[in-house]
Amino acid sequence: MEGMKELCAFNRLAVIGAGTMGLDIAKLFITKECQVVLIDKERDTLEKIELFVRQNWTEEECSRLVIQTDLQRLNDVSLIVEAIPENERLKKKLYKEIEEQLSSEVVIATNTSGIPINQLSSELKYPNRFIGMHFYMPANLIPIVEVIKGNETSTLVVQAITDWLKGLGKIPVVINKDIPGFIGNRLQHAMAREAISLLEKDVASAEDIDVVAQYALGIRLLLNGPFAQRDLNGLDIHLDAASYLYKELDNRTEPSKLLQEKVADGDLGVKTGKGFYEWALPSKEIRKQNSQDLESLVQWMENNNLIGFKHSKRKEG
Ligand SMILES: NC(=O)c1ccc[n+]([C@@H]2O[C@H](COP(=O)([O-])OP(=O)(O)OC[C@H]3O[C@@H](n4cnc5c(N)ncnc54)[C@H](O)[C@@H]3O)[C@@H](O)[C@H]2O)c1
């Protein structure tokens with residue numbers, strides 16, 4: 001692939017899909033002084049974003065952002081970040097449209113939550129330029145980005161993207177196998193499946209289950225992942241517990257009826273005012289407060305040297 005060897009920084013890029021993720025991803029790049037073209041097919045969405053950024057971003061940040069509905073003027077970007085809905089057919093259709101106008105060395109990254117990269121790149125003319133770059137919400141605050149290599153992804157692209165993410169202050173984790181859900185979403189869904197099952201079985205209220213997850217597990221997870229925590233607890237103890245507990249855990253292979261009913265009833269969470277809880281404030285305010293709290297937490301962890309590979313000297317046993 002001509003030109004790939006020169007990949008090093010992506011200072012001019014486009015983000016396609018200006019929803020929950022796309023705007024925060026654009027904000028991250030803008031604060032790191034990149035020039036960003038933010039594209040969404042909905043004019044209304046872009047009008048709201050334009051108003052929002054004018055009220056909340058600095059003049060300099062606004063000057064680095066171009067907002068548009070069409071896929072034109074992409075000829076000077078070196079990276080496209082796709083953040084449209086989690087629908088394989090829609091994503092592939094978009095790739096076909098953009099590939100027609102991009103030179104072969106422009107990297108295309110998808111923010112998919114878990115659709116395998118090989119599946120998404122199967123109809124691309126140049127699958128070697130395609131990569132998974134999975135941010136967590138809010139993308140400008142959560143340090144981890146999962147980087148997923150498809151079978152055809154060029155190793156130069158993987159290297160360039162991970163180096164660049166590090167330069168932006170992120171912690172890229174390269175996923176060795178292109179499996180659905182990558183790492184974070186598999187762990188998240190395993191926990192959510194068990195939590196919903198406990199609720200369905202009436203073991204405790206949603207709030208009590210949340211509180212146990214937050215203040216028994218979450219608070220420790222901030223310091224130690226599941227492996228380090230098992231080492232702290234003792235692997236013999238873990239084996240004893242796992243021996244009787246695994247067979248008790250929920251292992252259904254379809255989403256629960258409770259979840260399906262809530263979605264069918266339009267109870268989608270903060271965006272509709274009701275999900276597992278009832279939310280009195282508008283979703284924008286709830287999300288804003290959540291982002292502010294997360295920002296303080298990340299800042300505190302950074303100040304106390306508690307973020308990233310802090311135990312880089314530990315060796316895997
Ligand atoms: N929401 C999350 O917490 C989260 C976290 C990580 C990853 N993701 C992934 O990020 C992607 C986007 O998720 P989201 O939550 O931001 O979705 P969203 O529905 O909030 O936003 C998607 C945006 O894409 C626009 N869009 C749809 N088709 C388009 C097209 N062809 N061209 C241009 N714009 C188009 C829509 O108008 C919408 O504004 C998905 O793949 C999702 O799985 C989401």
Side-chain angles (χ1 to χ4, degrees), residues 13-29 36-53 65-74 77 80-102 108-117 119-121 123 130-148 150 165 170-173 175 178-189 191-192 255 263 266 268-272 275 283-284 286-288 290-291 294:
L13 49 102
V15 177
I16 307 185
T20 308
M21 294 304 291
L23 180 60
D24 284 344
I25 293 172
K27 170 74 175 172
L28 164 73
F29 299 151
V36 177
V37 182
L38 181 62
I39 299 170
D40 200 284
K41 67 179 180 48
E42 299 296 335
R43 192 167 297 280
D44 275 8
T45 303
L46 292 181
E47 277 169 9
K48 282 186 198 136
I49 286 178
E50 194 152 18
L51 193 67
F52 174 84
V53 302
L65 181 73
V66 172
I67 288 178
Q68 61 188 50
T69 50
D70 58 61
L71 294 170
Q72 305 309 307
R73 296 187 295 276
L74 293 179
V77 301
I80 307 263
V81 181
E82 170 272 304
I84 70 168
E86 191 75 342
N87 177 308
E88 186 176 334
R89 190 183 49 79
L90 284 185
K91 286 184 190 286
K92 282 180 163 171
K93 184 168 172 276
L94 174 70
Y95 304 153
K96 195 166 248 169
E97 282 166 37
I98 52 179
E99 255 206 328
E100 275 166 19
Q101 46 174 313
L102 294 178
I108 304 177
T110 174
N111 186 48
T112 176
S113 299
I115 305 174
I117 297 311
Q119 227 162 284
L120 287 176
S121 65
E123 290 164 21
F130 190 74
I131 192 162
M133 188 160 71
H134 178 219
F135 290 89
Y136 282 80
M137 188 180 105
N140 52 329
L141 296 178
I142 301 295
I144 290 288
V145 184
E146 291 176 327
V147 173
I148 310 102
L165 286 168
K170 290 289 182 190
I171 305 172
V173 171
I175 311 285
D178 181 28
I179 54 169
F182 317 131
I183 299 175
N185 268 325
R186 290 177 84 98
L187 295 173
Q188 184 159 256
H189 278 266
M191 181 151 90
V263 173
L268 307 183
V270 294
K271 62 182 159 189
T272 57
S283 67
K284 229 187 216 161
I286 295 166
R287 290 210 164 107
K288 192 171 170 192
N290 196 52
S291 290
L294 270 174

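Atom set for the values below is all heavy atoms of this structure, side chains included, hydrogens, waters and symmetry mates excluded. Indexing begins at 1, ligand by ligand and atom by atom, following the structure's order. If you're wondering where the values come from, they're calculated on a predicted model, not measured in any experiment.
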Hey, mind stepping through Asn111 and His134 against side-chain contact (heavy atoms from CB on, under 4.5 Å) and telling me if it holds? CA-CA 5 Å; Asn111 186 48; His134 178 219; 3.9 Å; yes
Output, in order, the C-alpha distance, side-chain angles, deciding distance and verdict of side-chain contact (heavy atoms from CB on, under 4.5 Å) for Asp40 and Ile67. CA-CA 8 Å; Asp40 200 284; Ile67 288 178; over 6 Å; no
Between Glu82 and Ile98, is a side-chain contact (heavy atoms from CB on, under 4.5 Å) present by the stated rule, with each step listed? CA-CA 11 Å; Glu82 170 272 304; Ile98 52 179; over 6 Å; no
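Proximity to Gly19 (heavy-atom distance under 4.0 Å) selects the following atoms of ligand 1: 16 (O), 20 (O), 21 (O), 23 (C), 39 (O). Using a 4.0 Å cut-off to heavy atoms of Phe135, the atoms of ligand 1 that qualify are 6 (C), 7 (C). Shown in contact with Met137 at under 4.0 Å from a heavy atom are these atoms of ligand 1, numbered in order with element: 3 (O). Using a 4.0 Å cut-off to heavy atoms of Glu42, the atoms of ligand 1 that qualify are 37 (O).
In this structure, CG on Leu71 lies 10.5 Å from CD on Glu100, to the nearest 0.5 angstrom. The structure places CD1 of Ile131 at 12.0 Å from CD1 of Ile108, a figure rounded to the nearest 0.5 Å. From Ile144, atom CD1 reaches atom CD1 of Ile171 across 4.5 Å, with rounding to the nearest 0.5 Å. Atom CG of Leu141 and atom OH of Tyr136 lie 15.5 Å apart (nearest 0.5 Å). Remark: Glu123 CD to Glu99 CD distance equals 10.5 Å, nearest 0.5 Å. Rounded to the nearest 0.5 angstrom, Ile148 CD1 and Ile117 CD1 are separated by 5.0 Å.
For atom 10 (O) of ligand 1, the nearest non-hydrogen atom of the protein is Asn111 ND2, 2.9 Å. Nearest non-hydrogen protein atom to atom 13 (O) of ligand 1 is Met21 CG, 4.0 Å. Protein heavy atom closest to atom 34 (N) of ligand 1, with residue, atom name and distance, is Lys41 N, 3.2 Å. Counting protein heavy atoms only, atom 41 (O) of ligand 1 is closest to Glu86 OE1, 2.6 Å. In this structure, the protein non-hydrogen atom closest to atom 39 (O) of ligand 1 is Asp40 OD2, 2.6 Å. Counting only heavy atoms of the protein, atom 12 (C) of ligand 1 lies nearest to Ala83 O, 3.3 Å.
Proximity of Ile84 to Lys41: side-chain heavy atoms (C-beta onward) are nowhere separated by under 4.5 Å. Inter-residue side-chain proximity for Ile80 and Tyr95 is flagged as unmet; no heavy-atom pair is nearer than 4.5 Å. Within the 4.5 Å cutoff, the side chain of Phe182 has no heavy atoms near those of the Val173 side chain.
Contacts between Ile16 and ligand 1 below 4.0 angstrom, taking non-hydrogen atoms only, involve the side chain exclusively. With a heavy-atom cut-off of 4.0 Å, His134 touches ligand 1 through its side chain alone. Looking at Ile84 against ligand 1, both its backbone and its side chain come within 4.0 Å, counting heavy atoms.
The shortest separation from a heavy atom of Leu90 to ligand 1 is not under 4.0 Å, leaving the residue out of contact. Contact analysis leaves Glu82 out of contact with ligand 1, as no non-hydrogen atom separation drops below 4.0 angstrom. Ligand 1 lies nowhere less than 4.0 angstrom from a heavy atom belonging to Tyr136. Within the 4.0 Å heavy-atom cutoff, Lys91 counts among the residues contacting ligand 1.
The N/O atoms of Thr112, backbone and side chain alike, include none that comes under 3.5 Å of an N/O atom in ligand 1. In terms of N/O distances under 3.5 Å, ligand 1 is approached by Ser113. Considering backbone and side-chain atoms alike, Leu94 places every N or O at 3.5 Å or more from each N or O of ligand 1. Taking only nitrogen or oxygen atoms, main chain and side chain alike, Thr45 does not reach within less than 3.5 Å of ligand 1.
Salt-bridge formation is detected for the pair Lys93/Glu97: a Lys NZ or Arg NE/NH1/NH2 atom is positioned less than 4.0 Å from an Asp or Glu carboxylate oxygen.
Atom 24 (O) of ligand 1 lies below 4.0 Å from at least one non-hydrogen atom of the protein.
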